[in-house]
Amino acid sequence: MNAAPKNLRQLSDLSDAGLVDPDKRVALERVAAQYAVAITPAMAGLIDATDPHDPIARQFVPDPAELDVRPEESADPIGDHLHSPLAGIVHRYPDRALLKLTTVCAVYCRFCFRREMIGPSAKPLTPRQLDAALGYIAAHPEIWEVILTGGDPLLLSARRLKQVMARLAAIDHVKVVRVHTRIPVVEPSRITAELVRALRAKSKATYVVLHANHARELTGEARAACARLIDAGIPMLSQSVLLAGVNDDAATLGALMRTLVECRIKPYYLHHADLAPGTAHLRTSIERGQDLMRQLRGRLSGLCQPSYVLDIPGGHGKSPIGPSYLTRNETGGVLVEDFNGVQHCYPPKT
Ligand code: SF4
């Protein structure tokens, strides 16, 4: 009998799978000593090991370029720590708070903005810290929405998720629970009926936001996992990261957005890649991102348009950074650009 495919967590596993160049082994040992490595069978199975530019490999297989840390990069690129009143909570915006339930992920993305805070060696939230974090949410009536994140919250057992959801359900002012996860694509078998039931909190709206960066990630199994969530009444949105060599061309990005919509997942955010250490080789310029957004606007349905956003370094929150289609003219009206790049006058209000 064949053994079940295993998660690739060691460089030797990656070597055995033909995913790393033996000549780069010394540099990769240094990368792996610094940043966690894991590739699930679902993702490893998508990689074409003969393609040096494979977009799935680029997201998960460590690269010696990660040793190149730039001065502008930071261990906390979006300023989580500045807005963390206690372990497990980030309260950056008035009406919502992050609850970081775990520090582990099924895969470790090479561009991860929390790469210095997550991984098997990071400290998970203790039961006492979880009590305190839930107490903080209960004591802040302005918190309307709680975002479960991590690490990946859907690595928790259905039993533990159900407990957390029940405790959030008991907080009257929390109306929405949003779950940020990569699990439906990287380990779709975890999306069981029991886990789906656990995510439904009484009298709260649960949304699941899927992190996916390439249409190939939406395999048949991944689509079925998403359908299990959506059919149970859990709406899904997506977030993607604009990544050099992965999805930074209009055809690839457009195919991703269309595939998501075909799976009944509304594209929500396209993130400009954060200034995480050792990730310069995966970042594009903002100008490139704006150009891609213009190209998407021309060729894809409005349903397929995400908001292109930047998390401003230093903890200042997200801002939309997509292209502007308006220019003011000398009469006080505006010129509006259409999807072909042609400008039209719109008169001032009389
Ligand atoms: S799944 Fe999310 S938190 Fe985990 S490594 Fe990838 S980007 Fe980071």
Side-chain angles (χ1 to χ4, degrees), residues 7-9 14 31-32 34-44 46-47 55-63 66 73-81 84 88-90 98-125 147-156 161 178-188 190-191 208-214 216-218 222 225-226 236-244 246-247 256 265 268-279 281-283 306 309-311 318:
N7 276 11
L8 310 179
R9 295 186 178 279
L14 271 60
V31 174
Q34 182 112 12
Y35 306 115
V37 174
I39 310 178
T40 55
M43 290 297 101
L46 287 181
I47 296 173
I56 309 297
R58 198 159 163 78
Q59 293 183 64
F60 303 117
V61 176
D63 189 311
E66 292 171 56
E73 294 175 339
S74 153
D76 182 16
I78 70 167
D80 275 357
H81 291 317
S84 181
I89 293 282
V90 177
L98 304 186
L99 175 56
K100 295 182 182 179
L101 289 175
T102 175
T103 50
V104 291
C105 295
V107 287
Y108 289 104
C109 311
R110 306 324 299 166
F111 49 86
C112 177
F113 64 124
R114 295 204 177 108
R115 61 190 331 209
E116 298 273 1
M117 307 170 206
I118 58 159
S121 55
K123 282 204 186 102
L125 211 58
I147 299 162
L148 303 185
T149 181
D152 199 315
L154 295 195
L155 273 189
L156 266 57
L161 279 169
R178 195 193 326 165
V179 182
H180 282 186
T181 182
R182 215 153 168 24
I183 290 294
V185 291
V186 301
E187 201 176 345
R190 282 194 78 84
I191 309 296
V208 167
V209 181
L210 174 72
H211 172 182
N213 300 319
H214 195 283
R216 265 171 51 198
E217 294 169 38
L218 278 301
C226 295
M236 286 187 73
L237 307 168
S238 70
Q239 52 181 344
S240 305
V241 184
L242 180 60
L243 294 167
V246 173
N247 57 19
L256 168 64
I265 301 168
Y268 178 36
Y269 281 144
L270 174 65
H271 295 272
H272 189 74
D274 295 309
L275 295 171
T279 61
H281 60 297
L282 290 165
R283 282 194 299 277
V309 292
L310 172 72
D311 247 300
K318 281 184 197 62

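Being a predicted model, the structure only gives us computed values, none of them experimental. Whatever order the structure lists them in is the order used to number ligands and atoms, beginning at 1.
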Undergrad: Using non-hydrogen atoms of the residue, decide whether Ile118 is closer than 4.0 angstrom to ligand 1.
TA: yes
Undergrad: Can you tell which part of His211 has a heavy atom less than 4.0 Å from ligand 1: side chain, backbone, both or neither?
TA: side chain
Undergrad: Would you say Phe111 and Arg283 make side-chain contact, with heavy atoms under 4.5 Å?
TA: no
Undergrad: Could you identify the single nearest non-hydrogen protein atom to atom 5 (S) of ligand 1 and state the distance to 0.1 Å?
TA: Cys109 N, 3.3 Å
Undergrad: Is Asp80 paired with Arg114 through a side-chain N to carboxylate O contact shorter than 4.0 Å?
TA: yes
Undergrad: Report the nearest protein non-hydrogen atom to atom 8 (Fe) of ligand 1: residue, atom name, distance rounded to 0.1 Å.
TA: Cys112 SG, 2.3 Å
Undergrad: Compare every heavy atom of Ala106 with every heavy atom of Asn7, then report the nearest pair and how far apart it is.
TA: ND2-O, 4.1 Å
Undergrad: How close do Val185 and His211 get, counting heavy atoms only, and between which atoms?
TA: CG2-O, 3.9 Å
Undergrad: Which protein heavy atom lies closest to atom 1 (S) of ligand 1, and at what distance to 0.1 Å?
TA: Arg182 CD, 3.6 Å
Undergrad: Atoms of ligand 1 less than 4.0 Å from Val107 heavy atoms?
TA: 5 (S)
Undergrad: When you measure from atom 3 (S) of ligand 1 to every protein heavy atom, which one gives the shortest distance, and what is it?
TA: Cys105 SG, 3.6 Å
Undergrad: Show the nearest heavy-atom pair for residues Ile118 and Gly151, with the distance to one decimal.
TA: CG2-N, 3.5 Å
Undergrad: Looking at ligand 1, does Arg114 have a heavy atom less than 4.0 Å from it?
TA: no
Undergrad: Any side-chain donor paired with an acceptor under 3.5 Å for Gln59 and Glu217?
TA: yes
